[in-house]
Amino acid sequence: MQKNSNINLKNMKKINKAMTLKCLWKYEELSRTELAEKTGLSPATITSLCEELLNENMIIEERAGVSSGGRKPIMLKINPCGGYICAVNILTQSITYTLINMDLKKIKEFVVKNSEEIIIQNLFENLVKDIDALLAESNVTIEKLIGIGISIPKEYDNIDRRVLFNTGVSADRVNLDIALSFNYKKPVFIENDINARAIAEYHLGAARYTSGFMYIDVSEQVRAAIVYDGQVAKGPIFQNNDIGHMIIDRNGPRCTCGRKGCLEALASMTAVIKKIMNKSSDNKTVISSAEKTGTIKKIDSDFVIKCANEGDSFIREVINEAVEALCIGILNLSSIFSIHNIVIGGKVKRIKYFADLLRLASNKFGLSEDMGIVVKMATSADESINMGNGAIVLNSFFEDMERW
Ligand SMILES: [Zn+2]
């Protein structure tokens, strides 16, 4: 009995230490009194935990805070130089390597070209070469590396992520994360791009520290992630972020999945492009800008966004229909998952008036703060996806009880 109760006390301390660090991470800086209030731990426990964390260089003491009458309190914060994360965003054309400190601040970044050959044959070798270069250029040793966070786009969902890895004893095909983890002796997390963007939005964007929200990415496809308390919800429904195939209008256009009237077939940029093409030929007219430049066959998202931002009224009308379909989708998703905070990101963010159309359609379909549903546009920059990758690593680092 005595032994068990010791184990429990030890575990309790680890949990409290992780909770204290996560609290400081979330609120950026707090006094010991505030930490006790936020965590619910006693002031004596907080004092003792902070002493240990200061000795471990995990936290630092900051400037004096605002006094509420007595002595000015010393503020505590996570030591930004306590460790570093290597974040890697893989896209079809390029790979971005970013070194991030514990404040989620970018220390160093470079971009290298990507190719199908790298993805299929040499991904592991290239990642190791460039991660080594990132660490060397930043003067960060492996000991200071907390972990590696990688995002991979949907285009690579079906590639074989096993790589040939030589352990010195044998050469086997192992999963990329295992091979990298073995190589660096650090944890490695591989996420899809939507989850990484959602986490970036939680730490740096419109959903900053919202307890639960849904991030919906509207680009060529419509995909989503749910984030609860800073962690992406996992499960069969969200495994492939495929909410885009929820049916909105059973008489709607055919979707790539074979069904009719899916959210993706009505609200994605692909749907907008298709509608522009169809409506153009139906009416024996073509959209003015495409006609002028003779590029009707090259209509893609970038072209549509450009025309939209130049004020093409026909495109605005088509986009408005897509926004209305999106709002019906949001209404359904909000009811199914009991999520009341929605953040819209993706390529549509680049359409200047998208937020205005979204606001109007939200009012029309009863998506308002009065109705308990808040719909916002994403605010974190596209490049901040690597901050999401970094935050996924840090979150796990703070929660890893074995560390403490
Ligand atoms: Zn579909």
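Because the structure is a prediction, the values reported are computed rather than measured. Just follow the structure's listing: the first ligand is 1, and inside any ligand the first atom is 1.
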Pair Asp217-Ser219, side-chain donor/acceptor within less than 3.5 Å: yes

Shortest non-hydrogen contact from Ala233 toward Tyr228: CB-CD1, 4.1 Å

Donor-acceptor side-chain pairing of Asn89 and Thr96 below 3.5 angstrom: no

Qualifying salt bridge (charged side-chain N to carboxylate O under 4.0 Å, His left out) pairs with a residue from residues 170-180, counting only residues at least two apart or across chains: Asp160-Arg173

Worked verdict on Lys306 versus Glu310 for salt bridge (Lys or Arg N to Asp or Glu O under 4.0 Å): CA-CA 6 Å; Lys306 183 175 161 287; Glu310 282 169 2; 3.3 Å; yes

Side-chain donor-acceptor pair present, Ser151, Asn389, cut-off under 3.5 Å: yes

Contacts of the Zn ion (ligand 1) with protein N/O/S atoms, counting only those under 2.8 Å: His245 ND1, Cys255 SG, Cys257 SG, Cys262 SG

